Protein chains: 2
Amino acid sequence: MNVKLKDIADRTGFSINTVSRALREDSRISEATRVTIRQIANDMGYIPNVVAGSMRSNRSRTIGIISADSANPFFAEVIQGIEEKARKANYSILLINTEEQAANERDAIRLLLGRQVDGLVIAPVFNDEENLSLYRELTIPYIFVGRYVDGMQDHSILHGDVEGQAMAVDHLLRHGHRKILYIAGPKNISNTIDRLQGLKQAYHAHNLEIDESYILSSSGHMEDGYARVNQALNRGLSFTAVVCFNDLLAIGALKSLHENSLSVPDDVEVFGFDNLAMSQFMQPRLTTVEVPKNRLGQKAVEELVRHIEDPAYPYATVNMKPRLILRESTLANHMDNNATH
Amino acid sequence: MNVKLKDIADRTGFSINTVSRALREDSRISEATRVTIRQIANDMGYIPNVVAGSMRSNRSRTIGIISADSANPFFAEVIQGIEEKARKANYSILLINTEEQAANERDAIRLLLGRQVDGLVIAPVFNDEENLSLYRELTIPYIFVGRYVDGMQDHSILHGDVEGQAMAVDHLLRHGHRKILYIAGPKNISNTIDRLQGLKQAYHAHNLEIDESYILSSSGHMEDGYARVNQALNRGLSFTAVVCFNDLLAIGALKSLHENSLSVPDDVEVFGFDNLAMSQFMQPRLTTVEVPKNRLGQKAVEELVRHIEDPAYPYATVNMKPRLILRESTLANHMDNNATH
DNA sequence: AAATGTTGTGTTAACGTTAATCCATGAACG
DNA sequence: CGTTCATGGATTAACGTTAACACAACATTT
């Protein structure tokens, strides 16, 4: 059997409680006893039973992470940031993927509550009624990372989806593009909605009407980017630029354009979103919108931990500034657009 | 306060224990009571306190995942498989990254033991003495995923690193290549060692000496693939093929070759390893060795759960067959090598 | 010198669940 | 018609820790 407090107590002659306190440097314990106890605990190879501790103290030092898809490079980086920050703050993380299904999200919340997590970091499905009320009744702190749901924006860490997408499209419009193919993301997440809004905002700012037939829907994966562009070309749609909801789509788009002997950026310019690590290794290097993924995860944990440790700490939307990363998949690669600075 | 067994007991008139058993369909409880209790528990919104249950039952239904780097697309996919399988088997996962540091691996093990996990899935650093003895003394089941440590191969789920790399190099030698640049992986993991062995094995099979100056070391990231090939070219090293420890390196290599106006595959052929999702979207599509990443994770959990549920279940190495995926970054793309079938 | 505070420790009681026993009740049996 | 056995449930005691309180010993104040 593993060493427990009682064993250390027996060995040192102190009470279980004193041992517990000495190991936590919790209370007024003399330096001498503290040292003795720690020494012996160490010699005996004591590993605290966190489960027992959690039960009594009503704090598990565990955070539940509800991700959409941890294999998606975007979330993989966010989760990396979360894990790193949590580990340093002495929290452990329980990870669950929802595959963008509202029902899975519900199950995940229930499961994590049952596991007594101290807080949640969530990439939520957009405005699912049932989940909305679930969130409203939640008694532990929670942060939405990179997304939001209506009425709870103040629980979110965001990265300027509207603004970022507007900047990207504005950049292209400004350089004369009038036939821009837009490949949108999954229907049920806030990012898709916001980036679409950014797209439209840019058109309006230029007093241009948007042609809805140039807006295609997708699930946001590489295969989709490839397929959508193929389809557009097959339908004879003419366009001089492709703007994608994210880099994955853009990478697929690049592939299709190449196979159809269209040169990027000379025949068609391509814009991504997210700035994934792999994007600068594409051929050509992908122009995109920077999103601080790792930082996003870290920030989410920072905020969450503050809420956990101080229930009075007020919720407030954190909105990070997006930034264009102009590379080879677009032409005008000098930063002639300083509007956002 | 949350609903607990006692509340349901009070409400139904049954004892706490009967309620507990009814909800677990554990024992001899009449169908009628079971239904009544479940109904009421449901109405009251009861969520079992898993922490309390774990403490008493001595089973946490939690698995610890010790990954090297969850943002690396390879591990990201393995972890996805782990998460999916674990969720379906009613286990939760605690995720920790070690960044390939043996010391972090030790900390992770300790931490997870303290959290009373029922088992571990680990991507271990290779043969760190201190960790080796830690593993030997471990009293809970553990599986090494995609890697091994000496003397504990039977705890591993592997994917034929030696064989896979040998197949790849053999393919190139067979097609006349004699100057093959090899970019190896991180020093302290088994995959690097095995793949190097595979490389040498292929040379020996062709009665060829290997030129050590054609073997470069790296950390296994895209930037490294790019930098190593750049350096090799700058040093005036002549080669007709680049074989990389993994796809990430190969992607970096492609970039460097392109920038140096070398055509792939006409001037230089490029071989990766792992078959990442992104690899088939490279320009040109990357030839590689298939590794069933998601499946690897799933299998690890399957095995682990069997060990958890039956301590007598014997450990045995699982070795998955590798398979060449010939694409555009190499020339002879028809499968003329049937040696492994 | 009594009152008050401070420091260090022990004692007791939880936390919410499950395991181990025990105890009725009624059916089945010779 | 007593004995045995199965069935359904209650009672009690843990699991290992931390919180709350108590208290002795000594120092400090008035």
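Bear in mind the structure is a predicted one, so any value in this text is a computation, not a measurement. When reading the values below, keep in mind they use all heavy atoms of this one structure, side chains included, and skip hydrogens, waters and symmetry mates. Naming convention: chains lettered A, B, ... in sequence-line order (proteins, then strands); numbering from 1 in each chain.
One interatomic measurement links the two molecules: CZ of Arg59(A) to P of dA14(C), which rounds to 23 Å at whole-angstrom precision. Rounded to a whole Å, the CG atom of Asn49(A) is 18 Å from the P atom of dC15(C). For the pair Leu5(A) CG and dC15(D) C1', the computed distance is 13 Å after rounding to whole Å. Per the geometry, CD1 belonging to Ile8(A) stands 8 Å off P belonging to dT17(D), to the nearest Å. One interatomic measurement links the two molecules: CZ of Arg115(A) to P of dC15(C), which rounds to 22 Å at whole-angstrom precision. In this structure, Glu31(A) atom CD and dT7(C) atom C1' are separated by 14 Å, rounded to whole Å. Between the CD1 atom of Ile29(B) and the C1' atom of dT18(C) there is a distance of 13 Å, rounded to whole Å. For Arg34(B) and dG9(D), the CZ to C1' distance is 13 Å, given to the nearest whole Å.
Checking the phosphate oxygens (OP1, OP2) of dA19(C), a side-chain nitrogen or oxygen of Arg24(B) falls inside 4.0 Å. Considering only side-chain N and O atoms, Tyr46(A) lies nowhere under 4.0 angstrom from the phosphate OP1 or OP2 of dG16(D). Regarding contacts with the backbone of dG10(C), a side-chain N or O of Ser15(A) is found under 4.0 angstrom from either OP1 or OP2. The side chain of Thr33(A) contributes no N or O atom lying less than 4.0 Å from OP1 or OP2 of dG8(C). Of the side-chain N and O atoms in Thr18(B), one or more sit less than 4.0 angstrom from OP1 or OP2 of dA10(D). Phosphate contact (OP1/OP2 of dG8(C), side-chain N/O of Ser30(A), threshold under 4.0 Å): absent.
Nucleic acid contact for Gly114(B): none, since no nucleic acid atom lies under 4.0 Å from a heavy atom of the residue.
When each of Ile143(A), Val145(A), Ile157(A) is checked for a side-chain contact (heavy atoms from CB on, under 4.5 Å) with Lys299(A), only Ile157(A) meets the rule.
Taking the ring centroids of Tyr148(B) and His155(B), they lie at or beyond the 6.0 Å cut-off.
With the nearest nucleotide of DNA chain D identified for both Phe14(B) and Ser57(A), Phe14(B) has the one nearer the 5' end.
Side-chain contact annotation: Arg115(A) with Thr62(B), donor-acceptor N/O pair under 3.5 Å present. For the residue pair Ser15(A) / Thr18(A), a side-chain donor-acceptor distance below 3.5 Å is found, with atom types taken as modelled. When only modelled atom types and interatomic distance are considered, Tyr313(B) and Glu303(B) share a side-chain donor-acceptor pair under 3.5 Å. Between the side chains of Asn97(A) and Gln80(B), no donor-acceptor pair is found at a separation under 3.5 Å.
Side-chain proximity of Ile16(A) to dG16(C), dT17(D), dT18(C): nearest is dT17(D). Candidate nucleotides dT18(C), dA19(C), dC15(C) were compared by shortest atom distance to the side chain of Asn17(B), and dA19(C) ranks first.
In this pair, His307(A) and Tyr315(A) present their aromatic rings parallel. The plane angle is below 30°, not in the 30 to 60° band.
The C1' atoms of five pairs define one axis at each end of the helix from dA1(C)-dT30(D) to dG30(C)-dC1(D), and these two axes lie 40° apart (to 10°).
Taking 4.5 Å as the limit, some side-chain heavy atom of Leu134(B) sits within range of a side-chain heavy atom of Ile109(B).
Residue-to-nucleotide contacts include a donor-acceptor pair under 3.5 Å from the side chain of Arg21(A) to the base of dG10(C). A donor-acceptor contact under 3.5 angstrom links the side-chain atoms of Arg56(A) to the base of dT18(D).
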